[in-house]
Each structure stands twice: as C-alpha cells, then as structure tokens.
Amino acid sequence: MSYRQSLITAAILLLFALVGTAMVAYTYDSTRERIAENERATLLRKLHRLIPPESHDNVLLQDTLQVQNHTLLGTTDPVTVYRARLHGEPVALVIEAVAPDGYSGTIRLLVGINIDGRLSGVRVVSHRETPGLGDAIEEERSDWILGFTGKSLQDPVLQKWAVKKDGGAFDQLTGATITPRAVVKAVRQALLYYRDQREALFATDEKASQP
C-alpha cells in the first residue's frame, strides 16, 4: 500500500470515528433528560408504595436530607432521607439504608418509617443475590419483604430483630439465610438511627443540622 493510500485510509477511519463519536454524543444528550426523568418517576413510585400520596401534601423528592452514619446506615457515603409532611407536620420518612453483608454483596434498601417509629414498609432497590434463592427479598418474587410493615423496635423487641435461625422473630428464606439476615440487620439499624435522630431528621431547612 502506497503512502498516499495509507493517508486516505487513515482519513476515512478518522472520519468514521468522528461521526460515530458525534452520533453517540448526540444520542446521549438527547436522551439524558428523559432517562433522568424516568429514574425520578420510578423512585417516586417506590416512595409512594411506602408513604401513600394521600398521607402527605409535600413533594418527597424536594423535601430531602443527606445524612451519614457508617455504623447504622451501612455505608460511608451520604444517603438520602425523604421526608413526608401534612400541613407542615411530620408524617413519615424514607431512609436509603444499605445492607453491606449480603451473600453476594451490597443490598440497597428503602426503609419507610412512620412518625411513631413503626415501619411503613421496606423495599429493595438493588442487589446481586442469587436468582431463585436470595432474590426472594424482592417484592416481585415473594411477600417476605412485606413482613416488615408495622414492625418497630418494640414489636418485636430489639433482641428479636434477627432471623429465626439466630433466635429472632423473622423468617429466613428457604435455602438462603445470609441474605435475609443482612436485610433484617439493616432495617433494625435504620430504626435505631431514626430513634436517635428523629428530631434532627424532621427539622426544617432553617433548623436542620447534620444528624
């Protein structure tokens, strides 16, 4: 191949690369907002499963707080707290808690807690647990996760916040103990965090401080 032919080939390849890059950039830019809006809508639907829309009159995605507590929230990263109010009065909140010790890694949760400290519900946001076993923590796979609704640190008592195999009050999944053990622990820790920080978590923006 002559020097001239090599230059032509290189120029054609460069042109294709530039066109391809431009098309990818255009596609990303044109769909970015739509993807972000879809993600917000999905999150809001999950939040409303834990805090029904009729129970509050504020916008959950706007009334938020960033908090950190590695011991009780399962991560060193800041997590978001979504707060529900009715006529300005606190109703409930949802904490993005983390179970760091799942069988196959981190399990991310939404933990809904009513003002009185009772759980309004728990939902799994993401996980890498074994299909057919650990993935039964998903609402779509089984009703196991629904068993948290209405529970509190008094019901059952704190010492019973464990799976039955460990002497606790919560069922384990058939063929899988590590996964539910991790979720029960994470929910219990989130409730402890709420108990200790309730006033700060519901503080208005003018009064809010880092819990």
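All heavy atoms count here, side chains included; hydrogens, waters and symmetry mates do not. Values in this document were obtained by computation on a predicted structure and should not be read as measured data.
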Partners of [X] by side chain to side chain donor-acceptor pair (under 3.5 Å), sequence neighbours excluded?
X      : result
Tyr194 : none
Arg40  : Glu37
Arg188 : none
Asp166 : Arg181

Residues which pass side chain to side chain contact (heavy atoms under 4.5 Å, CB included) with [X], listed by chain and number, not counting sequence neighbours:
X      : value
Ala41  : Arg45
Asn38  : Arg34
Arg128 : Ser104

Side-chain donor/acceptor pairs under 3.5 Å, residues 143-153, sequence neighbours excluded:
from: Trp144; atom 1: NE1; to: Asp171; atom 2: O; distance (Å): 2.8
from: Thr149; atom 1: OG1; to: Leu146; atom 2: O; distance (Å): 3.3
from: Ser152; atom 1: OG; to: Gln154; atom 2: N; distance (Å): 3.2
from: Ser152; atom 1: OG; to: Asp155; atom 2: N; distance (Å): 3.2

Task: Contacts of Asp101 that satisfy salt bridge (Lys or Arg N to Asp or Glu O under 4.0 Å) - sequence neighbours left out - done: Lys185
Task: Whichever hydrophobic residues join Ile178 through chains of side-chain contacts under 4.5 Å - done: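 Joined to Ile178, directly or through intermediates: Tyr103.
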Task: Qualifying side chain to side chain donor-acceptor pair (under 3.5 Å) pairs, either residue in residues 46-55, two or more places apart - done: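 Sorted result for residues 46-55: Arg49-Glu139.
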Task: Pairs flagged by ring pair (Phe, Tyr, Trp, His ring centres under 6.0 Å) wherever residues 66-99 is involved - sequence neighbours left out - done: none
